[in-house]
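Worksheet: the structure to be examined is printed underneath.
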Amino acid sequence: MKKIVTSFLTVLLAASMLAACSQTASQPGGSGDAGGKKRFAIIFKNTGNPYGEKQMEGFKIAIEETGGEAILKAPDQPTAEAQIQMIEELISQKVDAIAVVANDPDALQPALKKAMDAGIKVLSLDSAVNAQSRMVHINQADPERIGRVQIQAAAEMIGGKGEIAVLSATSQATNQNLWIEWMKKELEDPKYKDMKLVKVAYGDDLRDKSVSETEALLKSYPDLKAIIAPTTVGIAAAGKVLTDKGLKDKVKLTGLGLPSEMAEYIESGVSPWMYLWNPVDVGYLSGYAADALVKGTITGKAGEKFTAGKLGEKEIIADGDGTQIMLGDPFKFDPSNIGEWKQVY
Ligand code: RAM
């Protein structure tokens, strides 16, 4: 019996080695079985986030405009481990580029370095990986402006007085953590001396958790005057909780929201105004940057320029010890324009 099993395993092993060889042979230069097309992967933080879907949609449009094939991925949970597994799979599939919206700034480094060593072009967008793990980062807007403007908005909404809380995404999210750092710097200005940040809560960009974290904030801080949610999932969840509890006039809400999800709360006054950028464009710019990296038009160095389709010419600029490409400025959504924008994204 043992002999039969052993020889069966030997045959199986030989067959799988053959299969592996033929797979490698059919994927010269990494362009694989996409009919000679280059393959560009994007990995978002997690599934179930309409903002992420819009970003991936923009990436796909750009990749198709440039003649490539887009691979859209997102794990169920917003963890680094799940993204590492996806990166490993994409390395073995020999894709040409990987664009990642990181769930952790440092944890993806070994996997992304392995990808770059294998000749795969690596970039991050929206939520960055550290400078060693990428060739370039695609930034939606200046993090300082994004952070400061949210404190300025909350201060205006509550007359510069009272307790405020932040409802964020995950505790490891590079983008939200950077924005929160800038919020704290803005709060150091003496003009905010009567405002107090009592808590940063994490809803993990999961709808139910964001709802329960909002409820917990309201319970723990009965005098809370404002919630700042720098995440589209968080702000929509908080909007629903404040609406359901009839707290519109007691607790103000601002942050970063998707107009299509936030229109009802902007119109009702639960969130007097909020900010965002065009997530489709963040993905689109990333698609063109990935294409330029693969074609060798850019290598990720500051000063290099390329044409990003309908967005026109873009330049790579320094970002700490790495580089980035900036999309634009955060945009303010209020009752005067939300009706128009809710149709767009
Ligand atoms: C959520 C995600 C995303 C962030 C937006 C503002 O959708 O956390 O990364 O950029 O909010």
Side-chain angles (χ1 to χ4, degrees), residues 42-59 72-80 82-83 99-105 108 123-129 137-147 149-150 153 166-183 200-211 213-214 227-239 253-262 265 271 273-286 324 326-333 341 345:
I42 181 169
I43 307 176
F44 188 66
K45 289 177 168 178
N46 62 316
T47 51
N49 181 348
Y51 173 97
E53 280 152 25
K54 289 284 165 194
Q55 224 166 42
M56 292 196 282
E57 180 187 315
F59 184 82
L72 314 181
K73 286 184 161 295
D76 292 343
Q77 297 296 315
T79 66
Q83 290 189 319
V100 65
V101 182
N103 284 328
D104 188 292
L108 308 182
L123 62 159
S124 54
L125 62 145
D126 183 69
S127 182
V129 286
H137 175 66
I138 311 301
N139 208 336
Q140 46 272 68
D142 181 9
E144 176 171 354
R145 286 259 300 131
I146 299 174
V149 83
Q150 292 176 74
V166 169
L167 173 68
S168 191
T170 65
S171 61
Q172 296 303 315
T174 326
N175 52 345
Q176 273 90 10
N177 284 350
L178 190 55
W179 300 331
I180 293 168
E181 260 176 50
W182 281 111
M183 288 184 202
V200 177
Y202 300 97
D204 291 352
D205 272 354
L206 303 171
R207 207 187 134 66
D208 292 349
K209 180 147 192 244
S210 303
V211 165
E213 287 295 325
T214 306
I227 296 175
I228 299 176
T231 142
T232 58
V233 178
I235 196 173
L253 175 65
T254 192
L256 307 173
L258 208 53
S260 53
E261 293 185 296
M262 287 298 292
Y265 309 124
S271 175
W273 70 88
M274 59 162 201
Y275 302 85
L276 200 72
W277 40 85
N278 185 335
V280 183
D281 284 351
V282 182
Y284 184 85
L285 177 55
S286 308
Q324 63 179 348
M326 198 70 87
L327 177 69
D329 266 333
F331 189 83
K332 181 176 175 182
F333 297 99
W341 284 102
Y345 53 86

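Counting starts at 1 for both ligands and their atoms, in listed order. From a predicted model like this one, the values you see are computed outputs, not experimental measurements.
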Near [X], which atoms of ligand 1 are under 4.0 Å from a heavy atom of that residue?
X      : value
Asn49  : 1 (C), 2 (C), 7 (O)
Asp205 : 1 (C), 2 (C), 8 (O)
Trp179 : 10 (O)
Asn175 : 3 (C), 4 (C), 9 (O), 10 (O)
Thr231 : 1 (C), 11 (O)
Gln140 : 10 (O)
Gln176 : 2 (C), 4 (C), 8 (O), 11 (O)

Problem - For atom 5 (C) of ligand 1, the option (of Phe44, Tyr275, Tyr51) bearing the nearest heavy atom - result: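 Comparing heavy atoms across Phe44, Tyr275, Tyr51, the nearest one to atom 5 (C) of ligand 1 lies in Tyr51.
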
Problem - Closest protein heavy atom (residue, atom, distance) for atom 10 (O) of ligand 1 - result: Asp126 OD1, 2.7 Å

Completion exercise
When rounded to the nearest 0.5 Å, the distance separating OH of Tyr51 from CD1 of Ile235 is 13.0 Å

Completion exercise
Output for pair (Met326 CE, Asn139 CG), nearest 0.5 Å, gives 4.5 Å

Problem - Contact check, side chains of Phe44 and Lys73, non-hydrogen atoms, under 4.5 Å - result: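 They are not in side-chain contact.
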
Exercise for the section: Kindly indicate whether the side chain of Val200, heavy atoms from C-beta on, has any atom under 4.5 Å from the side chain of Ile180. Expected result: yes

Practice task
Verify the distance criterion only: is there a donor paired with an acceptor across the side chains of Gln77 and Asn46 at less than 3.5 Å?
Solution key: no

If only atom types and distance count, is the side chain of [X] paired as donor or acceptor with the main-chain N or O of [Y] below 3.5 Å?
X      : Y      : value
Gln150 : Ile228 : no
Asn177 : Ser171 : yes
Gln176 : Pro230 : yes

Exercise for the section: Answer with side chain, backbone, both or neither: which part of Thr232 has a heavy atom less than 4.0 angstrom from an atom of ligand 1? Expected result: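 The answer is both.
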
Practice task
Measure Leu258 to ligand 1 on non-hydrogen atoms and call it side chain, backbone, both or neither using the 4.0 Å cut-off.
Solution key: neither

